[in-house]
2 protein chains.
Amino acid sequence: MDLQRIKYFLALAEQLHYWKTAEKVNITQSALTRQIQSLENELGLQLFERNKRNVKLTPAGKFLREKWEVELNELEYIHQFAKQIHLGERGTITIAHPDSISASIMPDILAKITQAFPQLQIKLVQVLYENQLDFLKNYKIDLAITRDITSEQGVKSKKIYHDHLALVVPLEHAFKNFEDLSKESLKAQKFILPTKDEGSSYSEIIQSLFKSYDFVPDVYLHSEFGSTIIALVRKGLGIAILPDSYMHHQSPGLRFIPLPFKTDILINWRADDHNPVLANILKLVFGD
Amino acid sequence: MDLQRIKYFLALAEQLHYWKTAEKVNITQSALTRQIQSLENELGLQLFERNKRNVKLTPAGKFLREKWEVELNELEYIHQFAKQIHLGERGTITIAHPDSISASIMPDILAKITQAFPQLQIKLVQVLYENQLDFLKNYKIDLAITRDITSEQGVKSKKIYHDHLALVVPLEHAFKNFEDLSKESLKAQKFILPTKDEGSSYSEIIQSLFKSYDFVPDVYLHSEFGSTIIALVRKGLGIAILPDSYMHHQSPGLRFIPLPFKTDILINWRADDHNPVLANILKLVFGD
DNA sequence: ATTTATTAATGCGTATTTTGCATTAATGGA
DNA sequence: TCCATTAATGCAAAATACGCATTAATAAAT
């Protein structure tokens, strides 16, 4: 059954006149007659009571007119919706991101996305560094924003940003600026650092920082969670090294001392993910 | 858009394999390929991600699969329903009938109808004799069961039953049987009769009854409503002449004395009413 | 009662669309 | 590197839809 036929039927049901209806829907009266006839045959019922003079809906015709009207509208809406999905204007995307950038880069990115595609559903999740790739490959997340460089097969990666490391100390701490740091002064400190992860570029940068001062830090606590580390530093339990993005969090009682070490922020996604939503978001993130 | 195409799509969305799907829906793989292609063109979106080896739904395809499944089921249900309307198995019919037969013929008729067409909606109404034809012609009722013969243009009529007149008296009344009636005994009575209606065959029969005894009755009260008349008779306010169908009503305290006068019960309907429900009901009523 | 105007149905030739067959081209696995 | 699998495509045939002209039925006008 062709939906066009149903549209012809609806037009005729309104006009109740073959000629006028045919003109209105831009076919000849003969074609309209046959369309209605084949519709009736297909359904095995009569839609119109008609003689050579009058056209009138049968009870079944009246019923179908009402129902089809609704169904056609629904279908049209569905098709529009599907088109939006196709264009990447509708849909859901799950993004993992580190806590550190949740007050700096993430708000920028999210603002861009919601402005350009207000219909998109965005799910934000936090995933341990070690799980990110797994989650990506298993479709638990679609996009991973991370500080780790990956050369995993099937995962594409691109740098979108960078920030610097900073030494985080309580306000009353002796360290005021970068020049206060030395092998000796550092040796006296207790450190709270991120979980040491083999192959994590972020950890490596911190290691190379310590190497540049030629000493091994006294690390008595590891945490993957920046907010935990910050809380501990504020309580005077040690000092930390964190990306300076944390300065954007509201963190009174702390001093950030910038260090000359860059950390990259990358965005990872499945190479074979053809979801138009992803394409749109990547375009948006790389666009400027 | 052809619904058949959507069915092909749904089949392919399940199998994700052109050859197998084509076989299943009894067309060739080439035809299926083109059906899907034209569906995609028509919608302006991609339904499947495919290379020469794999077939996979796009997000829009997934969405449409889900929605179309529902819509197609709805449409199928609607078409079945319409078919039932066409066959006169579904629908509504409004029937007017006199109060007198509501405990005798009507239950029989209604039992027949609901047994044969359990899905039918029947509306029963009581209409004054004088309004019946108007209501019929103005589509307020579809069927009028009445005691009046009509030769109205455009209204068909057929006798379906007859009953007899009966004299209705209180139990303690002197009249016990037909032989007690005479010109003199009748003259002493007060009568409660139906509203006298010009051209009403029912009234005419009652008139001819009185003529056969050659007297003019003392009628001090008219009512169109049999139940009213019966209540008045029971209270001793007079005697009445009613169809003996009223005997089927539960009416203690009354005696029905049968009279040798028949009244016909007819069924009227619009000659140009092609509602299949009506046809079915007429067939049922006349069928035996 | 007869004529006229209107209008849905239909026969027929043409145009369009769909289909099946055979082939091609891409791709994953041996 | 070869082979098997499989979606896409060129082409001719079949099916379907369409428009034009005509027909037949009927309501309105005379």
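All chains are named by letter (A, B, ...) in the order of the sequence lines, taking the proteins before the strands, and each is independently numbered beginning at 1.
A cation-pi geometry, defined here as NZ or CZ lying under 6.0 Å from the six-membered ring centre and within 45° of its normal, does not hold between Lys56(A) and Phe48(A). Because its NZ or CZ atom is not both nearer than 6.0 Å to the ring centre of Phe81(A) and within 45° of the ring axis, Lys67(B) does not count as a cation-pi partner of that residue.
Between the C1' atom of dA8(D) and the CG atom of Leu12(B) lies a distance of 14 Å, rounded to the nearest Å. Here the P atom of nucleotide dC18(D) and the CG atom of Asn26(A) are 12 Å apart, to the nearest Å. In this structure, CG of Leu16(A) is placed 13 Å from P of dT7(C), rounded to the nearest angstrom. Protein atom CD of Gln4(A) is 13 Å distant from nucleotide atom P of dT17(C), rounded to whole Å. Atom OH in Tyr18(A) sits roughly 13 Å away from atom C1' in dT10(C) (whole-Å rounding). Here dC20(D) presents its P atom at 13 Å from CD of Glu23(A), a figure rounded to the nearest Å. Here the P atom of nucleotide dT7(C) and the CD atom of Gln15(A) are 12 Å apart, to the nearest Å. Between the CZ atom of Arg50(A) and the C1' atom of dT10(C) there is a distance of 13 Å, rounded to whole Å.
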>> Quick one, Met1(B) with Glu42(B), criterion side-chain contact (heavy atoms from CB on, under 4.5 Å). Give me CA distance, side-chain angles, the key distance, then yes/no.
In response: CA-CA 8 Å; Met1(B) 181 168 322; Glu42(B) 205 168 352; 3.3 Å; yes

>> Using the rule given for side chain to side chain donor-acceptor pair (under 3.5 Å), can you reason through Glu49(B) versus Thr58(B), listing the C-alpha separation, both sets of side-chain angles and the distance that settles it, and then say yes or no?
In response: CA-CA 6 Å; Glu49(B) 239 183 83; Thr58(B) 61; over 6 Å; no

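If you check residues 33-45 of chain A against DNA chain D, the residues with a heavy atom closer than 4.0 Å are Arg34(A), Gln35(A), listed by number.
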>> Base contacts versus sugar-phosphate-only contacts with protein, heavy atoms under 4.0 Å: please encode nucleotides 22-28 of chain C as B, S and - from 5' to 3'.
In response: ---BBBS

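Using a 4.5 Å heavy-atom cutoff, the side chains of Ile113(B) and Ile93(B) are not in contact.
With respect to Lys137(B) and Glu152(B), a salt bridge is recorded, a charged nitrogen being found less than 4.0 Å from a carboxylate O. Remark: Asp142(B) engages Arg270(B) in a salt bridge, criterion side-chain N to carboxylate O under 4.0 Å.
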Which pairs would a plain distance check flag for residues 16-31 of chain A, meaning a side-chain donor or acceptor within less than 3.5 Å of a matching protein atom at least two apart in sequence or in another chain?
residue  : atom : partner  : partner atom : Å
His17(A) : ND1  : Trp19(A) : N            : 3.4
His17(A) : ND1  : Lys20(A) : N            : 3.3
Tyr18(A) : OH   : Arg50(A) : NE           : 3.1
Thr21(A) : OG1  : His17(A) : O            : 2.6
Thr28(A) : OG1  : Ala31(A) : N            : 3.3
Gln29(A) : NE2  : Thr33(A) : OG1          : 3.0
Ser30(A) : OG   : Arg34(A) : NH2          : 3.1

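Mapping Leu32(A) and Lys20(B) onto DNA chain D by nearest heavy atom places Lys20(B) closer to the 5' end of the strand.
Just one residue in the list Ile141(B), Leu143(B), Ile95(B) forms a side-chain contact (heavy atoms from CB on, under 4.5 Å) with Trp269(B), and that residue is Leu143(B).
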